[in-house]
Amino acid sequence: IIGFKLSQLLQRKIGSKSAGRVQSVVLKLVVDKQKEIDAFVENSYYRVTGNMKVNGAESSITLLDENNKELHFESLEEAIKYAHLRDVKVYVTMNTIVYEDEMEEMKQQIRDLNEVGVDGIIAQDLAVFQYIVDNFIDLEAHCSTQMGIDDLEGTLLLKEAGAKRVVLSREVPIEAVKHIRKTADIPIEIFVHGALCVSYSGNCLMSGLTGYRSGNRGRCVGSCRKQYELIDQTNNKSITNSFIISTKDLNTIEHVDEFK
């Protein structure tokens with residue numbers, strides 16, 4: 001699996017502290033207009049999707065962690081060459097909100113990513129998205145699930161704006177996904193397994209307000225996963241003390257055939 005192979009490759013470059021920390025493997029699926037389904041895997045630091053041509057995947061996703069100072073573009077460039085030799089595309093996620101004082105750093109990072117051969121960037125912030133569309137020919141702009149696109153109108157709007165792929169919100173029903181995919185004429189990506197936010201994708205402020213770590217900055221503390229006590233304020237009695245706003249994990253793997 002490319003997720004582990006790339007981690008091992010990068011470990012030699014940037015040390016075991018970061019690249020070697022493969023904490024979990026999550027299955028994702030992409031459905032595009034060619035009716036192809038790509039299997040994805042991801043790990044915690046280098047979110048790498050796909051598992052090479054051996055297992056049929058055609059793309060990989062890498063997450064750059066700004067807090068990981070050991071992560072160098074030289075290592076990423078080597079990883080990209082490794083993937084491209086096997087006809088695997090590499091996409092980088094920049095799916096968080098960018099502050100005003102980070103704009104120039106963001107632009108420079110995108111230029112650096114383009115220089116080392118990244119095939120596309122998955123963006124949440126429209127400033128990131130627009131900068132890619134306006135300044136690069138071969139670098140694709142993909143709409144992150146964090147944009148909260150959940151209908152045909154939003155998909156068509158971002159397509160017109162220059163998006164090459166749209167990652168729909170995790171809350172979108174199967175029938176709506178089918179309709180968007182058949183009508184929008186743009187590659188569509190969806191999540192089929194994993195944590196399901198109690199709020200809409202990219203719009204939850206709970207973590208930032210209660211835990212001082214924003215989910216829109218990639219630092220969600222999972223506030224909705226915690227135990228809460230519900231109290232009737234008319235009599236001050238406890239109604240329940242449980243995980244009342246913790247949703248069940250998304251698990252639609254058995255419905256994959258419906259997207260073929």
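Remember, it's a predicted structure, so these values are computed and weren't measured experimentally.
Cluster membership for Met94 and Tyr99, using ILVMFWY side-chain heavy atoms within less than 4.5 angstrom, is not shared. When the side chains of ILVMFWY residues are joined at heavy-atom separations under 4.5 Å, either directly or via intervening members, Leu139 and Met103 end up in a single hydrophobic cluster. The hydrophobic clustering, which links ILVMFWY residues whose side-chain heavy atoms are closer than 4.5 Å, places Phe243 and Val221 apart. Under the 4.5 Å side-chain heavy-atom criterion for ILVMFWY residues, a single connected hydrophobic cluster contains both Val116 and Val128.
Heavy-atom minimum distance, Gln124 versus Asn95: OE1-O, 3.2 Å. Here the shortest heavy-atom pairing between Cys204 and Cys197 reads CB-SG, 4.2 Å. Across all their heavy atoms, Ala83 and Val90 have their closest contact at CB-CG2, 3.6 Å. For Cys220 against Ser207, the heavy-atom pair with the smallest separation is CA-OG, 3.5 Å.
Annotation: side chain to side chain contact (heavy atoms under 4.5 Å, CB included) contacts of Asp151 (sequence neighbours excluded): Glu153. For Glu160, there are no salt bridge (Lys or Arg N to Asp or Glu O under 4.0 Å) partners at least two apart in sequence or on another chain. A search for salt bridge (Lys or Arg N to Asp or Glu O under 4.0 Å) contacts involving Lys226 returns nothing, not counting sequence neighbours. A search for side chain to side chain contact (heavy atoms under 4.5 Å, CB included) contacts involving Arg225 returns Ala195, Ser246, Thr247, Asp249, not counting sequence neighbours. Take Thr155 and apply the side chain to side chain contact (heavy atoms under 4.5 Å, CB included) test, not counting sequence neighbours, and it matches Ile149, Val166, Leu168, Ile180, Ala184, Ile186, Ile188. Under the salt bridge (Lys or Arg N to Asp or Glu O under 4.0 Å) criterion, Glu104 pairs with Lys107, sequence neighbours left out.
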message = Using side chain to side chain contact (heavy atoms under 4.5 Å, CB included), reason through Ile122 and Ser144 one step at a time and then give a plain yes or no.
response = CA-CA 5 Å; Ile122 305 168; Ser144 167; 3.6 Å; yes
ask   = Please walk me through it: do Asn235 and Asp232 pass side chain to side chain contact (heavy atoms under 4.5 Å, CB included)?
value = CA-CA 6 Å; Asn235 54 25; Asp232 185 344; 3.3 Å; yes
request  = Could you walk me through whether Ile190 and Val167 pass the side chain to side chain contact (heavy atoms under 4.5 Å, CB included) test, one step at a time?
outcome  = CA-CA 6 Å; Ile190 58 171; Val167 186; over 6 Å; no
query = Can you list the steps and then say if Asn236 with Ile231 is a side chain to side chain contact (heavy atoms under 4.5 Å, CB included)?
reply = CA-CA 6 Å; Asn236 205 35; Ile231 298 175; 3.8 Å; yes
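Taking a 4.5 Å side-chain heavy-atom cut-off between Ile, Leu, Val, Met, Phe, Trp and Tyr, the cluster of Tyr228 extends to Val198, Met206, Leu230, Ile239, Ile244, Ile245. As a member of the Ile/Leu/Val/Met/Phe/Trp/Tyr network built from side-chain separations under 4.5 Å, Leu85 groups with nothing else and remains a singleton.
Here the side chains of Ile97 and Gln146 are not in contact, with every heavy-atom distance at 4.5 Å or above.
Sparse packing is recorded around NZ of Lys81, with 12 or fewer heavy atoms of other residues, nucleotides or ligands lying under 6.0 Å away. Sparse packing is recorded around CD of Glu115, with 12 or fewer heavy atoms of other residues, nucleotides or ligands lying under 6.0 Å away. Atom NZ of Lys164 has 12 or fewer neighbouring heavy atoms from other residues, nucleotides or ligands inside a 6.0 Å radius.
Atom CG of Asp112 and atom CD of Glu105 lie 10.5 Å apart (nearest 0.5 Å). Atoms CZ and OG1, on Arg170 and Thr252 in that order, are 11.5 Å from each other to the nearest 0.5 Å. We find the CG-CD1 distance between Asn114 and Ile121 to be 8.0 Å, quoted to the nearest 0.5 Å. The distance from atom NZ of Lys178 to atom OG1 of Thr183, rounded to the nearest 0.5 Å, is 13.0 Å. The line from OG1 of Thr210 to CG of Leu205 is 10.5 Å long, rounded to the nearest 0.5 Å. Between His193 atom NE2 and Ile253 atom CD1 the span is 8.0 Å, to the nearest 0.5 Å.
No donor-acceptor distance shorter than 3.5 angstrom exists from the side chain of Asp150 to the backbone of Val172, with no hydrogens or angles considered. A donor-acceptor pair under 3.5 Å is absent between the side-chain atoms of Glu189 and the main chain of Arg165, judged by distance alone. No donor-acceptor pair under 3.5 Å is formed between the side chain of Thr96 and the backbone N or O of Asn216.
The stretch residues 121-152 participates, sequence neighbours left out, in these ring pair (Phe, Tyr, Trp, His ring centres under 6.0 Å) pairs: Tyr91-His142, Tyr131-Phe136. For residues 202-226, there are no ring pair (Phe, Tyr, Trp, His ring centres under 6.0 Å) pairs, not counting sequence neighbours. Residue pairs that meet the salt bridge (charged side-chain N to carboxylate O under 4.0 Å, His left out) test with at least one member in residues 203-213, sequence neighbours left out, do not exist here. Here salt bridge (charged side-chain N to carboxylate O under 4.0 Å, His left out) pairs that include residues 130-144, with residues two or more places apart or in two chains, number zero.
Remark: the Ser238 side chain and the Glu229 side chain contain an N/O donor-acceptor pair separated by less than 3.5 Å. Between the side chains of Ser169 and Thr145, no donor N or O sits under 3.5 Å from an acceptor N or O.
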